[in-house]
Protein chains: 2
Amino acid sequence: MIGKVADRRQAKVATIVAAAWGLARVNGIGAVSLRALAREVGMRQPSLYEYFDSKHALYDAMFADGNRQLLERLEALPPDQDPRRALKSFMRTLADFALEDDARHALLFQRPIPGYEPGPEAYPDAERVLGRAVELMAAAGVDDPGDVDCIVAVVGGLIDAQTSNDPGGDRWVRHLDRLIDLHLDDANRRSTR
Amino acid sequence: MIGKVADRRQAKVATIVAAAWGLARVNGIGAVSLRALAREVGMRQPSLYEYFDSKHALYDAMFADGNRQLLERLEALPPDQDPRRALKSFMRTLADFALEDDARHALLFQRPIPGYEPGPEAYPDAERVLGRAVELMAAAGVDDPGDVDCIVAVVGGLIDAQTSNDPGGDRWVRHLDRLIDLHLDDANRRSTR
DNA sequence: GTCTATACATCGATAGAC
DNA sequence: GTCTATCGATGTATAGAC
């Protein structure tokens with residue numbers, strides 16, 4: 001088996017990434033230091049360079065991992081014939097995912113690290129998430145890209161307000177379903193006219 | 001005049017804060033270093049501690065200054081008898097202000113600096129901004145706090161999407177007026193029923 | 001692959017002379 | 001009030017032993 005050594009390496013990479021998420025949850029994504037991360041996984045700092053060429057490469061791995069987690073959860077949703085119910089379920093899952101872990105939400109959907117932008121190789125999963133959202137909205141009768149943009153912005157706005165101003169509560173996200181209906185109704189009304 | 005020395009000090013503080021905004025605009029709010037800031041105002045780095053006890057104190061001064069700028073601009077708006085027009089004008093001014101300067105928008109409305117939260121002494125102006133928004137919405141017939149939250153979140157969502165995904169464009173903010181009407185109509189419909 | 005050791009850059013912060 | 005000098009932390013990177 002030639003793959004065994006590569007597998008072990010991948011497992012170690014996964015361990016390191018998981019430990020990095022742990023540190024990020026405690027002190028914030030910007031406070032993950034390579035020395036602390038190495039300590040967490042029982043290594044010395046230079047040894048991490050065996051697995052990541054730079055700190056940005058670590059961020060890329062975390063970004064890709066986070067998007068993979070999200071995509072996995074979204075794809076596990078049971079299919080729903082009712083396009084509205086399907087869209088709401090999708091968006092609620094997205095919101096729950098974002099609210100579960102501030103640091104992960106920040107890395108995936110904001111630019112919390114000065115000088116770091118996710119590399120292109122980490123984007124495919126992120127684009128699949130958005131693509132699925134667009135599909136679901138189309139099924140619900142939203143054909144104007146402007147309406148898609150609005151719904152995306154509204155959901156993002158609710159999530160951001162929730163995490164910033166009422167972490168752990170539901171003061172904003174409790175309006176999620178109602179606002180989706182409001183915007184779908186409005187989009188349908190304007191497209192059938 | 002006893003106040004003269006204090007005035008001079010305040011003027012110097014203002015100069016430093018202005019220079020800090022300049023650096024933030026160029027490299028991002030997170031990349032403002034005390035050494036670069038000192039260089040900018042013709043000082044050495046330790047001398048800045050004569051004016052700010054810590055870097056967080058500098059951030060607090062910038063936060064207060066940004067909110068003061070915003071409040072000034074909002075209070076300069078001409079009064080408008082039509083509550084909807086007044087609210088839209090308020091929100092458009094807010095959006096323009098946010099889109100003008102990414103770094104300022106980030107410091108005022110997000111938490112872009114790991115470990116930094118604005119101190120309580122910097123909040124009054126920020127609360128006056130929100131208070132004015134609530135007043136305008138009340139005048140437009142929005143009496144449910146949940147509806148106020150939704151409109152705040154929607155405007156914030158449009159602004160964030162705009163800065164993140166189409167800086168300099170209007171792909172999201174062009175929907176601002178329409179979405180405000182949509183949400184006001186919905187709030188009014190539900191409150192008069 | 002992992003280690004020790006080291007180099008050099010940056011950063012915020014402090015001590016103490018003037 | 002401003003300076004020089006310095007501290008300890010960081011990230012990045014390398015050399016070389018095992």
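So that the names make sense, note that chain A is the first sequence line, chain B the second, and so on, each numbered from 1. In this text the structure is predicted, and so the values were computed from the model without any measurement.
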Asker: Using the test side chain to side chain contact (heavy atoms under 4.5 Å, CB included), find all partners of Tyr59(B) that sit at least two apart in sequence or belong to another chain.
Answerer: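 In terms of side chain to side chain contact (heavy atoms under 4.5 Å, CB included), with neighbours along the sequence ignored, Tyr59(B) is linked to Lys55(B), His56(B), Met62(B), Ile113(B), Tyr116(B).
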Asker: Say whether Gln110(A) and Asp160(B), considering side chains only, have a donor N or O and an acceptor N or O under 3.5 Å apart.
Answerer: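 On atom types as modelled, these side chains do not qualify, holding no pair under 3.5 Å.
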Asker: What are the 5'-most and 3'-most nucleotides of DNA chain D lying under 4.0 Å from any heavy atom of chain B?
Answerer: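 Going 5' to 3' along DNA chain D, contacts run dG1(D) to dA5(D).
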Asker: Would you please name every residue forming a side chain to side chain contact (heavy atoms under 4.5 Å, CB included) with Asn67(A), sequence neighbours left out?
Answerer: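 With neighbours one apart ignored, the set is Phe63(A), Leu108(A), Asp125(A), Ala126(A).
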Asker: Any base atoms under 4.0 Å from Phe52(B), or only sugar-phosphate, or nothing? Heavy atoms, all strands.
Answerer: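 Answer is nothing: Phe52(B) stays at 4.0 Å or more from every strand.
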Asker: Are there any protein N/O atoms within less than 3.5 Å of an N/O atom in nucleotides 12-15 of chain C, and if so, which ones and at what distance?
Answerer:
unit_1	atom_1	unit_2	atom_2	d
dG12(C)	OP1	Lys55(B)	NZ	2.3
dG12(C)	OP2	Leu34(B)	N	2.9
dG12(C)	N7	Arg35(B)	NH1	3.0
dG12(C)	O6	Arg35(B)	NH2	3.1
dA13(C)	OP2	Tyr49(B)	OH	2.7
dA13(C)	OP2	Lys55(B)	N	2.9
dA13(C)	O5'	Tyr49(B)	OH	3.1
dA13(C)	N7	Gln45(B)	NE2	2.5
dA13(C)	N6	Gln45(B)	OE1	2.9

Asker: Tell me, yes or no, whether the heavy-atom count around Asn165(B) atom CG, taken from other residues, nucleotides or ligands under 6.0 Å, exceeds 12.
Answerer: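 Result for CG/Asn165(B): enclosed.
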Asker: What's the shortest heavy-atom distance between Leu184(B) and Ala140(B), and which atoms?
Answerer: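 Looks like CD2-CB, 4.0 Å.
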Asker: Could you check Asp82(B), Asp80(B), Asp181(B), Thr93(B) and say which one makes a side-chain hydrogen bond (donor to acceptor under 3.5 Å, both in side chains) with Lys88(B)?
Answerer: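 Exactly one pass, corresponding to Asp181(B).
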Asker: For a quick test of your reading: what N or O donor-acceptor pairs under 3.5 Å do the side chains of residues 149-159 of chain A make, sequence neighbours left out?
Answerer:
unit_1	atom_1	unit_2	atom_2	d
Asp149(A)	OD1	Arg171(B)	NH2	2.9
Asp149(A)	OD2	Arg171(B)	NE	2.7
Asp149(A)	OD2	Arg171(B)	NH2	3.4

Asker: So Arg8(B), base contact, sugar-phosphate only, or nothing? Heavy-atom distance under 4.0 Å.
Answerer: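 Since no nucleic acid heavy atom lies under 4.0 Å of Arg8(B), the category is nothing.
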Asker: Does Gly42(A) reach a base, just sugar-phosphate, or nothing at all? Heavy atoms under 4.0 Å.
Answerer: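 If one applies the 4.0 Å heavy-atom cut-off, Gly42(A) turns out to touch the sugar-phosphate alone, with no base involved.
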Asker: I'd like to check Tyr49(B) versus Leu34(B) (side-chain heavy atoms, cut-off strictly below 4.5 Å). Are they in contact?
Answerer: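 Side-chain contact under 4.5 Å: yes.
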Asker: If you take any heavy atom closer than 4.0 Å to DNA chain D, which residues from residues 14-23 of chain B end up in contact?
Answerer: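 Heavy-atom cutoff 4.0 Å gives no residues at all.
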Asker: Is there a side-chain contact between Met91(B) and Leu136(B) (heavy atoms, below 4.5 Å)?
Answerer: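 A side-chain contact is absent here, since even the closest heavy-atom pair is not under 4.5 Å.
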Asker: Evaluate the criterion salt bridge (Lys or Arg N to Asp or Glu O under 4.0 Å) for residue pair Arg68(A) and Asp65(A); output intermediate values, then yes/no.
Answerer: CA-CA 5 Å; Arg68(A) 187 197 48 71; Asp65(A) 181 60; 2.7 Å; yes
